[in-house]
Amino acid sequence: MKRKILVTGGTGYIGSHTSVELINEGFEVVIIDNLYNSEAEVTDRIQQITGTKPSLEIIDICDKAKLEKFFEKNGDISAIIHFAAYKAVSESVSKPLDYYNNNLVSLINLLDLMKRFNVPDIVFSSSCTVYGQPEKLPVTEDAPLQPATSPYGNTKQVGEEIIRDATFAHKSIKAIALRYFNPIGAHPSGLIGELPRGVPENLVPFITQTAYGLRDELKVFGNDYDTPDGSCIRDYLHVVDLAKAHVVAVKRLLEGKSKKDFEVFNLGTGNGVTVLEAISSFERVSGIKLKFRITDRRPGDIEKIWADPSFANKELGWKTKSTLDEAMKTAWEWEKSIRTKKV
Ligand code: NAD
Ligand code: WQD
């Protein structure tokens, strides 16, 4: 019988790609999403890619009564991958209570119901934001965490702490937190990808929207950092590689291979890329000369960060496969397909 995985936030950007990989690996996928930042049609597109439509329950995970009813009806869930959260850093500064409520109450509700309904395993979406500006690069999982620079970032730090305490106290629960670096790109089918609301905060959607003519120009936030070309450095990984890591993590939990009740892994390529190098990659794969201008630094930006992914490489047997150019090309194909309403 197929193992059933609950994917919260499964119609969102990373959740939809992960649902595809789970289905491809023979899992049954049940999605819970309140469609705050995604569309129900994503399940049709997952079906177009995989041949199987995941079921979708439109539930706000903060609504505990509804979530409880879901667990009552679905007694055969083997594990949870918990993506559902708000993720806009600047919005979190102006709406901190919304962010703490949505990102933490949802997690607490899930952990409590896991305990009551005997669901043993959870994979949690964490972020490299927990490291702030690390002293040593590339950054390893044991690097000290820095005070969060936004309420959003704090929800990831506190979220990890809540999970650590829950796994310590409730031995039936095992967890893995995956600290993503910068996910970019889209599925090569062009059927699923990121759907940013309003003006994108993240670099790659801003690049592709500018190239498509939706934005006048890209502002490069600073060229006076201590980096080879003066622009900030990040570790951009293809969302499909990231999605595959979730399948490996969930299998590790299901097969009882975890070495601790709560494990944490960095998910990145291990390569640092400057903003200007990311622009060059986009220009190379699209053949478009991007309009951009160097402006002031963005307040709160980290100067440089990239992952040491060797723990995930060794323990999970997972490694990124796509190059920056390949990921950028899929981001561009996706931008064009949304604008021409092919999806
Ligand atoms: P996304 O917004 O595309 O997907 C999140 C999904 O969760 C959306 O479909 C949204 O409708 C849903 N959701 C939000 N709150 C909900 C609630 N209370 N109940 C039910 N559904 C709810 O975001 P994403 O980029 O796919 O991110 C997934 C996870 O990964 C998030 O936890 C995010 O913080 C984390 N993360 C993302 C990035 C990134 O750059 N995209 C980097 C690091 C970590
Ligand atoms: C990347 C680089 C910008 C936009 C955010 C969140 C973090 C994590 C990942 C979830 C930076 C530069 C960007 C633009 C630019 N998400 N840039 N012009 O800064 O790594 O972090 O996403 O957990 O929490 O804060 O990603 O895509 O915003 O920026 O020059 O219009 O691109 O300065 O150097 P970042 P990003």
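Hydrogens, waters and symmetry mates play no part in the numbers below; they use all other heavy atoms, side chains included. Every number for a ligand or one of its atoms is a count from 1 in the order of the listing.
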Option with minimal heavy-atom separation from [atom], where the choices are [options]:
atom	options	answer
atom 6 (C) of ligand 2	Asn223, Thr129, Ile305, Val89	Val89
atom 33 (C) of ligand 1	Tyr236, Tyr180, Tyr152, Tyr99	Tyr152
atom 32 (O) of ligand 2	Leu203, Ile302, Asp301, Thr295	Leu203
atom 11 (O) of ligand 1	Thr18, Asp33, Val89	Asp33

- [ ] Give the residue and atom name of whichever protein heavy atom lies nearest to atom 2 (C) of ligand 2, and the separation in Å to one decimal.
- [x]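 Result for atom 2 (C) of ligand 2: Tyr236 OH, 3.5 Å.
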
[X], any N or O under 3.5 Å of ligand 1 N or O:
X	value
Ser38	yes
Phe83	yes
Tyr36	yes
Ser126	no
Phe181	no
Tyr13	yes

Open item on the list: Check this for me, if you would: do Glu326 and Lys321 make a salt bridge, where the nitrogen-to-carboxylate-oxygen distance has to be below 4.0 angstrom?
Closed with: no

Task: Side-chain ion pair, Arg284 and Asp325, N-O less than 4.0 Å - done: yes

TODO: Would you check the N or O atoms of Phe221, main chain and side chain alike, for any that come under 3.5 Å of an N or O of ligand 2?
DONE: yes

Open item on the list: Any nitrogen or oxygen of Phe206, side chain or backbone, less than 3.5 Å from one on ligand 2?
Closed with: no

Open item on the list: Testing the 3.5 Å rule here: is there a donor-acceptor pair between the side chains of Tyr152 and Thr129?
Closed with: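 Judged by distance alone, the side chains do not pair up.
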
Go through ligand 1 atom by atom and flag the ones less than 4.0 Å from a non-hydrogen atom of [X].
X	value
Asp60	17 (C), 18 (N), 19 (N)
Gly12	3 (O), 4 (O), 9 (O)
Leu35	11 (O)
Ala84	7 (O), 13 (N), 16 (C), 21 (N), 22 (C)

- [ ] Assert yes or no for the condition that the ring centre distance of Trp306 to Phe181 is strictly below 6.0 Å.
- [x]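 They do not qualify: ring centres at least 6.0 Å apart.
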
Task: Check: Tyr36 ring centroid to Tyr86 ring centroid under 6.0 Å - done: yes

Task: With Phe265, the ring pair (Phe, Tyr, Trp, His ring centres under 6.0 Å) member among Trp318, Phe311, Tyr180 - done: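 By the ring pair (Phe, Tyr, Trp, His ring centres under 6.0 Å) criterion, Phe265 pairs with just one of Trp318, Phe311, Tyr180: Phe311.
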
Task: ligand 1-proximal atoms of Thr129, by part, heavy-atom distance under 4.0 Å - done: neither

Open item on the list: So if I apply the salt bridge (charged side-chain N to carboxylate O under 4.0 Å, His left out) rule between Glu283 and each of Lys291, Lys329, Lys289, which one comes out positive?
Closed with: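 Answer after filtering Lys291, Lys329, Lys289: Lys289.
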
